[in-house]
A.B. asks: 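The structure under discussion is supplied below as structure tokens; questions concerning it will follow.
Within every chain, numbering begins at 1; the chains are lettered A, B, ... in the order of the sequence lines, protein sequences first and strands thereafter.
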Amino acid sequence: MIEVQDIRKSFKTPVVKEGRFSGIRTLFSREYRIKEAVRGISFKVDRGEFVGYIGPNGAGKSTTIKMLSGILHPTSGEVIIGGMNPHRERRAVVKRLGVVFGQRSQLWWDLPVRDSFDILAKMYAVDEADKVRRLEQFTELLDLQAFWETPVRKLSLGQRMRADLAAAMLHDPDVLFLDEPTIGLDVNAKRNIRHFLKLINEKFGKTILLTTHDMDDIEQLCSRVMVINEGRLSYDGTVRSLRDSIGLPTLITVTFRGPFQIPESFMATGDSSTQARIRVTRVLDQSVTIEANRREMNTLEIVKELGKWGELDDIDMQDPDFEDVIHKVY
Amino acid sequence: MTAKSWLSLYALLIRTSIKSRMQYKFNFVLASILAALIQISEFLMVAIVLYKFGAIQGWSMHEIGYLFAVMTLSKTLYRTFADEVHHLEKYLVNGELDQLLTRPMPVLLALMPQKFRIMLGEVLQGGFLLWWSLSGMMGSGQVGWSAVPQTLYIILTGAVILFSIGLATATFGFWTTRITELQNLTEDAARTAAQYPLTLYPKWMSSILLILVPVGLVNYVPSLYILRGELGWWVLPALAGAALLCLALSLKFWQFGLTKYQSTGS
């Protein structure tokens, strides 16, 4: 469905001149700063996949999405979407695309939500019966009715995002590109949006590529995740194996009642390659902080082992956060 | 899509833009009044120039008024439909062009109706000046009724030429982002210069105004034929050819510029 062949994008910005006629002088100047935003990315996405595309700010996520949707032309490399090149056949490709930029609305700012849908239907040549049928569906799923007659500029962020999503789906595209669709939303709004995305992926078989900084989006929605860093893909695979490949330890804090004895072999030493599956990282009065990888040792085993050290009073376990997993990849 | 459906989509987008602006009625009314006031002051300036200098280098008061009027009306026609081309910088600076590029229609067709302007002040000013100069020249027998349709025709070809110049200038923005100063040169300064007979200027400058930034083709060259019977009838079809050539070249340049669009970070 989406094929990307070694795309690169470097931005060439002229060094801006100061003083009189700066614009004209900049125009004819030969000084440039070159910034390579994307440095050779290739991947393939099959029909019906839900792919998360993550990376730190400035890694090239948005640039990639903009190249895929025909907004930016790659410096080199090729993009094929549904068998067509979005740069040579932009109009034909965008007809089959739905694009949502979380930071920016596609809707007509000053007009009621309804008007935007009327205009988009005309623009994409969606016939009246299809339009009505789809709108009924979306209204039910996204509760558009509540703000149907409200001007877009007066919508809350959550409402605006729902409207934008529905607008991107109005012409029934095969592929959806979502650039940070949950940015700035509250928990409830995020849940609504995720529910909708899951549905259109599973039930209607839409291929979705989503960028986000919210790891819950990735965990709950995506079957596959791609990590981009400094313009290159540093990971491409399932969410699960991403987590596994990093294998961050669980952090456990135990409080002992009375005296306790930590066996010598568990103390963290310079070379961490000791065969010990539990590492003590901090001892403070009665409480001891340890790290253990729960894939190597299950909870019961850990508790049993700790019981041997002294009388247990309290145990607090913290699973590695997905955020931390990602930090490790970045 | 057929030409007809493009046209109806274009009309719909223009209606949408008017509807959007009407959301802020006070601002809309005030802006229209202010624009009209500016036009009146500009008109007074033209009147003073005509009154003070009368004939310039063999061009009568009415003829110079005619040059002014044709230029004003051509510009008005161009800016009514394509004002946003002149304001492309705004779209480049904050990346608003992104949205237009995701729409299944030519970018220009999406851009132009973003903001439709009704330039009543300009139409009245230009119309009055045209009526005054044409009726003056008809009174003296210099021109006949055939000048009226010919004038309407050159206003149209002039608008196409001004649009092409505006589009080509705006396209430079894909490289420089900021284009105001270049626009001052190629659009405002050039147009102001061509409000007077080009014979006023040194040879190199009138050549620039005829070839590089061909504002002279908007009013000066056709006036030579329509008002003074110089050159020959072939001027009229040649103007259409020149206008289409300018349009084709600037569209080509625009298409190329689009591939250099850089958008903005998010």
Side-chain angles (χ1 to χ4, degrees), chain A residues 9 11-14 16 20-29 37 57-58 61-63 65-66 69-73 87 90-111 115-116 118-120 122-125 151 153 168 171 177 179-180 183 211, chain B residues 1-2 5-6 8-24 27-28 89 94-107 109-110 113-114 169 172-186 255-266:
Chain A
K9 179 77 189 174
F11 293 114
K12 200 169 163 187
T13 30
V16 178
R20 277 159 72 84
F21 303 113
S22 55
I24 306 290
R25 279 167 50 220
T26 304
L27 179 62
F28 294 109
S29 140
N57 287 329
K61 294 189 302 286
S62 294
T63 305
I65 294 261
K66 283 175 185 169
S69 44
I71 294 171
L72 292 177
H73 287 241
H87 306 105
R90 186 183 63 84
R91 270 184 271 153
V93 172
V94 295
K95 271 205 125 149
R96 304 177 53 189
L97 283 186
V99 185
V100 176
F101 295 108
Q103 313 264 28
R104 214 172 254 158
S105 182
Q106 299 266 67
L107 307 171
W108 277 261
W109 203 238
D110 293 314
L111 300 180
D115 288 19
S116 288
D118 290 341
I119 299 165
L120 287 171
K122 285 258 169 52
M123 199 180 270
Y124 285 91
R153 66 170 191 279
H171 56 287
F177 292 139
D179 196 5
E180 304 191 17
I183 194 166
T211 77
Chain B
M1 269 193 159
T2 62
S5 56
W6 282 127
S8 79
L9 182 57
Y10 184 67
L12 172 73
L13 289 175
I14 285 180
R15 281 202 303 280
T16 306
S17 126
I18 294 174
K19 203 171 161 190
S20 294
R21 295 194 72 194
M22 286 302 180
Q23 300 293 313
Y24 309 95
N27 185 50
F28 181 78
E89 183 175 305
N94 56 29
E96 271 179 57
L97 204 65
D98 286 10
Q99 274 117 307
L100 304 182
L101 279 161
T102 59
R103 311 233 135 117
M105 54 196 295
V107 184
L109 204 61
Q114 284 285 95
T169 308
F172 276 103
F174 288 113
W175 287 270
T176 61
T177 309
R178 299 275 176 191
I179 39 177
T180 339
E181 286 182 70
L182 193 62
Q183 283 175 330
N184 284 343
L185 268 184
T186 62
Q255 289 295 343
F256 177 64
L258 274 178
T259 69
K260 303 293 172 200
Y261 174 54
Q262 303 215 340
S263 189
T264 48
S266 49

A.B. asks: Hey, could you give me the CD/OG1 distance between A:Gln103 and B:Thr264, rounded to the nearest 0.5 Å?
C.D. replies: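 Here the rounded value is 9.5 Å.
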A.B. asks: If you count heavy-atom pairs under 4.5 Å between each of A:Val94, A:Leu120, A:Thr63 and chain B, which one has the most?
C.D. replies: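 Greatest number of close heavy-atom pairs with chain B: A:Val94.
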A.B. asks: Do B:Arg21 and A:Asp110 make a side-chain contact, defined as non-hydrogen atoms from C-beta onward lying under 4.5 Å apart?
C.D. replies: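 They are not in side-chain contact.
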A.B. asks: Determine, stepwise, if the pair A:Lys66 / B:Asp98 fulfils side-chain contact (heavy atoms from CB on, under 4.5 Å).
C.D. replies: CA-CA 8 Å; A:Lys66 283 175 185 169; B:Asp98 286 10; 3.1 Å; yes
A.B. asks: Between atom CZ of A:Arg90 and atom OG1 of B:Thr102, what is the distance when rounded to the nearest 0.5 Å?
C.D. replies: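 OG1 of B:Thr102 is found 8.0 Å from CZ of A:Arg90.
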A.B. asks: What residue in A:Asp118, A:Asp115, A:Val93 has the most heavy-atom pairs under 4.5 Å with chain B?
C.D. replies: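 Most heavy-atom pairs within the cutoff with chain B belong to A:Asp115.
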A.B. asks: With rounding to the nearest 0.5 angstrom, report the CZ to CG distance, A:Arg104 to B:Asn94.
C.D. replies: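 CG of B:Asn94 is found 6.5 Å from CZ of A:Arg104.
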A.B. asks: Which bit of A:Arg96 comes within less than 4.5 Å of chain B, counting heavy atoms only: side chain, backbone, both or neither?
C.D. replies: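 Contact with chain B: none, neither part.
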A.B. asks: Which bit of A:Ile119 comes within less than 4.5 Å of chain B, counting heavy atoms only: side chain, backbone, both or neither?
C.D. replies: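 For A:Ile119, backbone and side chain are both near chain B.
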A.B. asks: Going from CD1 on A:Ile71 to CG on B:Leu258, what distance comes out if it is rounded to the nearest 0.5 angstrom?
C.D. replies: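 Reported value, rounded in 0.5 Å steps: 12.0 Å.
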A.B. asks: Where the side chain of B:Arg103 meets the backbone of A:Tyr124, is there a donor-acceptor pair that is under 3.5 Å apart?
C.D. replies: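 No; judged by distance alone, with no hydrogens or angles, the pair does not exist.
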A.B. asks: Using distance only, find each side-chain donor-acceptor pair of residues 8-16 of chain B under 3.5 Å and give its atom names and separation, not counting sequence neighbours.
C.D. replies:
from, atom 1, to, atom 2, distance (Å)
B:Ser8, OG, B:Ser5, O, 3.2
B:Thr16, OG1, B:Leu12, O, 2.7

A.B. asks: Please classify the contact of B:Leu100 with chain A as side chain, backbone, both or neither, using a heavy-atom distance under 4.5 Å.
C.D. replies: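 Contact with chain A is through the backbone of B:Leu100 alone.
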A.B. asks: Donor-acceptor pair, B:Gln99 side chain versus A:Ser105 backbone, under 3.5 Å?
C.D. replies: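 At least one qualifying donor-acceptor pair exists.
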A.B. asks: Report the distance from atom OG of B:Ser263 to atom CZ of A:Phe11, rounding to the nearest 0.5 Å.
C.D. replies: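 Reported to 0.5 Å precision, the distance equals 7.0 Å.
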